[in-house]
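Proteins come first, then strands; the chains are lettered A, B, ... in the order of their sequence lines, and each starts at number 1. Being a predicted model, the structure only gives us computed values, none of them experimental.
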Amino acid sequence: MKLPIILCEIALPLLYFATIWVYARAFFSNIRPAERLSTPLLFATLLTHGFYIVMRTAELRHPPITSVFEIFSLMAFTVTLVYACIEWRLKIKSTGYFILILPFFFQLVSSIFIREVSEVPPILQSNLLGFHVSSALLGYAAITISAVYGFLYLMLYHEIKFSRFGVVYKRLPNLEMLERMSFTATLFGFIFLTIAIIAGIVWLPRITQEVSYTDPKLFGTFVIWLIYGAGLAAKRLRHWQGRRMMVLSVFGFATAMFSMTVINIFLSGFHKFY
Amino acid sequence: MNFFCLGINHRTAPLETREKLWFSEKEIQSVVPSLRQKQINDCVLVSTCNRTELYYTTREGSANGEPLWKRLAEHKQAVGAVREEHLYSIPSLNAVKHLFNVASGIDSMVLGDIQIVSQIRDAYAIARSLSATGAVTNRIFDTALRVAKRARTETEISEGAVSLSYAAAELSSKIFSDLSKRTALLIGSGETGKLTAKHLVGKNIGTLLLANRTRQHAEDLAALLRGRVVDFDRIAAELEAVDIVISSVDAPSYILSEQDLRRAMKLRGARPLFIIDIGVPRNIDPAANSIESVFLHNLDTLNFVIGKNLRRRASEVPKIRRIILGELIQFNRWHASLEANPTIEELRGRLEEIRRQEVEHHLRRFSPDEREEIEVLTKRIVNKILHTPTISLKNGSDTHQTLRDKISLLRHLFGLDRRNSG
């Protein structure tokens, strides 16, 4: 494997660690230089990670979806990408630490265990599958972020309601802003999950003659999509907001985690490749 | 350094004395020129509700404070009211340090209150417009304003609310991000309630509603704060539309029950309702805090927030003292160099003259190439001789007297004064 890819695998966990350290310093100690440094470091990490994914795809001639550890790296990248978009759009940095800790662990595990798969099944070399998986991961990354904001909202909600004015109260943006951030992430997530489902439906008949729409993972994803769709509809039509929406966001994420772990591990279907 | 501070503040004099020595901008403009006639070079008069301080430089070395404060007291017709024990006089570098303390907010009555910065800036601007400041005073005040900026940006000395009304407004901004789209309801006309409403207006609250048992009181306040009056009996009905409630009513029992709020929240959906109950006894049933999306706070909460913020501010004081120390050292170096510069220049001129005479005297003995080398070599020797005394004079760690002794000794040893008079 080419040297730049190996170097990126070593550098990425370090870069993620440096980024969350800087965000943590800015959040817990309110150190201004750390706050100034945080966004440039985030974008440097994101660019390095993007470069790594492109290099790896070009070198190995398949999208980085052939092993769990490639998926982990892609997941780290998508979470960071979605967070960077939200930070850039809303100009709020104080939640970065809580989000970026996830990609750090994903990338750390990926960098330690990732190996080049000697024989990649033709099915996993499909670019349409790459698009389907990337969209799904972007969707999951966004709903993960939405849930983190939901969780932060609930923490701040309790601090204000019960007069516990700690560091969360001091540093986090206000409840309305956290709700907006969670909603933005949910919207991202719903759009990408929709794209992933459509790409999957187009791709599915190309790989198997016996199309099974009762596949547990397909079913699980559809349930997640329905939960988020119902939440967005409730917000639009029934004016749901505040704590109720945040609880729904955390519940949607828990369902997604259940789908990604329990269903993926214990229930087999055509969706299981490794 | 002939720089002094003569003043009166919240620690040395009661309010009734301080207010007698309070100067408006107009009064400062008229009193400063008259002070400068009394052996005063530079003169900046800072006056706020908590302090009146005169920063000045004298032509002689002594503070000469008595005629100055008498002049100030005469100007305000407060000669009998202001006594000597109310005043303090701080000389030299300590006066500079005191100004830095004041500008940074660590000498304020409410720790971290930085309103004083704009008052110092204004006083300095007035003095400059009257040509009442020189190089040293300009440098001191420019540095003081820099200290204030650094204190504000590098520390948290002025963060967090430290008054009841501001704490209430700050709490509301932790729930809502854009107050211009929100509606607040002020019930009653207690002083803290009014101030909180004023803060909310200052934060650009969208709509302000006012309710009072005496409708005229509400209407007077509505005219002042550009609010709208609602009937006191319709408070519970208004809860559906408002986002913030400030209640400050003198009432023997609750004016809003838990049931009132439950009914309102059913109509509101999950829209948060922030309530500040400043009434004693309390105006709102505390059980209402158990309702989802109702944030009910009272005086205890606000006092808790203030206490916490004050402790946080106090923990920032050592950082500010470090900033002040650094700026003081830099200022002192600059000031020392100011006094030593003419002597250093004269000494350089004297040595350069000796060097040039000796080189010219012996130049014929050397070839053109060697002459150039001789020039470089002798100049280097002069620079090396000058290096140690220059550093010694400019290091800024000497007292004023030691520096003067050093300069005097140097001038005597190298015959600089004799040469000038000759």
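Interatomic distance, Ile175(B) CD1 to Leu156(A) CG, rounded to the nearest 0.5 Å: 8.5 Å. The structure places NZ of Lys174(B) at 8.5 Å from CG of Leu175(A), a figure rounded to the nearest 0.5 Å. Within the model, atoms OG of Ser163(A) and CG of Leu302(B) stand 9.0 Å from one another, a figure rounded to the nearest 0.5 Å. Note that OG1 of Thr301(B) is 12.0 Å distant from CD1 of Ile160(A), once rounded to the nearest 0.5 Å.
The local environment of CZ in Arg262(B) is crowded, with over 12 non-hydrogen atoms from other residues, nucleotides or ligands closer than 6.0 Å. The local environment of OH in Tyr97(A) is sparse, with at most 12 non-hydrogen atoms from other residues, nucleotides or ligands closer than 6.0 Å. Counted within 6.0 Å of CZ on Phe28(A), heavy atoms from surrounding residues, nucleotides or ligands total more than 12; the atom is thus considered enclosed. Remark: Lys319(B) NZ is packed, more than 12 non-hydrogen atoms of other residues, nucleotides or ligands lying under 6.0 Å away. Dense packing is recorded around NZ of Lys91(A), with more than 12 heavy atoms of other residues, nucleotides or ligands lying under 6.0 Å away. Counting non-hydrogen atoms of other residues, nucleotides and ligands closer than 6.0 Å to CZ of Phe176(B) gives a total above 12. Around CZ of Phe17(A), the count of heavy atoms belonging to other residues, nucleotides or ligands within 6.0 Å does not exceed 12.
Only the side chain of Arg182(B) comes within contact range of chain A, judged by heavy atoms closer than 4.5 Å. Of the atoms belonging to Ser172(B), not a single heavy atom falls under 4.5 Å from chain A. Of the two parts of Phe304(B), only the side chain, counted from C-beta on, holds a non-hydrogen atom closer than 4.5 Å to a non-hydrogen atom of chain A. Proximity to chain A (any heavy atom under 4.5 Å) is shown, for Ile275(B), by neither the backbone nor the side chain.
Within the cation-pi definition used here (under 6.0 Å to the ring centroid, within 45° of the axis), Lys308(B) does not qualify as a partner of Phe165(A).
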Which atom pairs, one a donor and one an acceptor, fall under 3.5 Å between side chains of residues 245-253 of chain B and the rest of the protein, sequence neighbours left out?
unit_1    : atom_1 : unit_2    : atom_2 : d
Ser247(B) : OG     : Asn283(B) : OD1    : 2.8
Ser248(B) : OG     : Gly190(B) : N      : 3.4

Margin query: Please determine whether side-chain contact (heavy atoms from CB on, under 4.5 Å) holds for the pair Glu292(B) and Arg244(A), giving the CA-CA distance in whole Å, both sets of side-chain angles, and the decisive distance to 0.1 Å.
Written below: CA-CA 9 Å; Glu292(B) 187 184 324; Arg244(A) 200 176 295 171; 4.3 Å; yes

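By the 4.0 Å N-to-carboxylate-O rule, Glu176(A) lies too far from Arg271(B) to be salt-bridged with it. One finds a salt bridge joining Glu156(B) and Arg171(A) here, because a Lys/Arg side-chain nitrogen approaches an Asp/Glu carboxylate oxygen to under 4.0 Å.
Looking only at distances, no side-chain donor or acceptor of Lys161(A) sits under 3.5 Å from a matching main-chain atom of Leu296(B). Using a distance-only test at 3.5 Å, with no hydrogens or angles considered, no donor-acceptor pair links the side chain of His297(B) to the main chain of Phe162(A).
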